[in-house]
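These notes concern the structure reproduced below.
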Amino acid sequence: MDLQTIALHAGYEKDSQATMAVPIYMTTAYEFRDVAHAANRFTLRDVGSIYTRLTNPTTDVFEKRFAELEGGEAAIATSSGMSAIFYAIANSAEAGDNIVCARQLYGGSLTQMAHTLKRFGIEARFFDVHHAAEMESLIDDKTKVIFFESLTNPSIDVADIETLSAIANKYGILSVVDNTVATPVLCRPFDWGVDISVHSTSKYTTGQGLALGGIMVERKNLVQKLKGNPRYPHFNEPDASYHGLVYVDVPFPPFSLRARFSLLRDLGATPSPFNSWLFIQGMETLSLRMQEHSKNALALAEFLESYPKVKKVNYPGLKSNSNYANAQKYFNGAYSGLLSFEVETLEEATKIVNATKLYSIVANIGDSKSIITHPASTTHQQLTQEELIACGVPVGLIRISCGLESIKDLIADIKQALEV
Ligand code: PLP
């Protein structure tokens, strides 16, 4: 089925009420018929609802639909993009292990990797997303994850997904890609050998800045990579916290099964069923919106590129952009709504951002309303000067998340702001 059809129909079996819209099951828990029924649910002999921290019928539709849209086998929804990223790593690594991550990451991901994971005893080693050899040189026996963004925020680089995941496969390491900015409709990480994708669904999935959420998707047949893999004993040995369950020996996608019955159970970053329902609504128009976001962003990038005061424009759909070749290979002809441009100084950047009228100054992306951000003073404020340069965020950088307004109005507003 085409992606637009999947986004409208997948994962929803109508119940006795046959509602066209997926119902919101706003409940904390579910009644068991008797003790045996309850016991069977807990041992997974009967896979069904126990408690919404673990499963919920509305969230289940969202997970199935998103997994199918991404071309994966199963998905676990979480309460934010950050928790989806944390769960993908916590499901792979433990104290004493390391992960190898691209430097060009969303600021929150960078701080999670460099600082928070360190306190859990997991070391993050960073590579330039365009230097696969540097990435390979950081790998050792304790490396459990290779992590990068397909389309990076805010530096707007396109990763060479096939090369990076081939190196991960050479060493039997799990590759995890944050596909938030690209979305499943523009870029297909599993087609290029990636194992796990993560998304902040707070962005293009909800689409109108309505709800915070995340999702982690497991590719098809990941069990083959995990079974007998000495890097991942926790998938191959009995889990003492789950009656000795061996995740690769049961007929469920093992990465998602462990994330649900270990991480969601014990850490509990579960989405509200209402938010899952909002994401289902957003998915219905995702591919239509992504085409429009991309068209607007390309036109705005072309305008900015022609403007003398602008030092550099970063948008992978521009022929002049160093990511253009990767974008042609990994994207389906549209390149999402995120672009950035650079002016000479911090003062100039501040003046331009303050002078816009149509663009909202917001620390978010992927809204239908256009957003303008100065990363060095907001999303990347916690980073040192060296970290800022290393992850591609100079002080004169302005990021735009191009919305769905008329492109004529978007260009006119940025033009008057540049002229102030
Ligand atoms: N990944 C990317 C690429 C992001 O841009 C963001 C947030 O901006 C996140 C992850 C974190 O998502 P959330 O805000 O839903 O926790």
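For ligands, and for the atoms within them, numbers begin at 1 and follow the listed sequence.
- Side-chain atoms of Ser377 come within 3.5 Å of backbone N or O of His374 as a donor-acceptor pair.
- Here the CZ-CG distance, from Phe303 to Leu410, works out to 11.5 Å after rounding to the nearest 0.5 Å.
- Residues passing the side-chain hydrogen bond (donor to acceptor under 3.5 Å, both in side chains) test with Thr205, sequence neighbours excluded: none.
- Residues passing the side-chain hydrogen bond (donor to acceptor under 3.5 Å, both in side chains) test with Arg289 are Thr285, sequence neighbours excluded.
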Quick check on ligand 1: any N or O pairs to the protein under 3.5 Å? One line per pair.
from, atom 1, to, atom 2, distance (Å)
ligand 1, 1 (N), Asp178, OD2, 2.6
ligand 1, 5 (O), Asn153, ND2, 2.8
ligand 1, 8 (O), Lys203, NZ, 2.9
ligand 1, 12 (O), Ser200, OG, 3.1
ligand 1, 15 (O), Gly81, N, 2.8
ligand 1, 15 (O), Ser200, OG, 2.8
ligand 1, 15 (O), Ser202, OG, 2.5
ligand 1, 16 (O), Gly81, N, 3.1
ligand 1, 16 (O), Met82, N, 2.9

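- Checking side-chain atoms of Thr373 against main-chain N and O of Ala363 turns up no donor-acceptor pair under 3.5 Å.
- Under the side-chain hydrogen bond (donor to acceptor under 3.5 Å, both in side chains) criterion, Arg219 pairs with Asp195, sequence neighbours left out.
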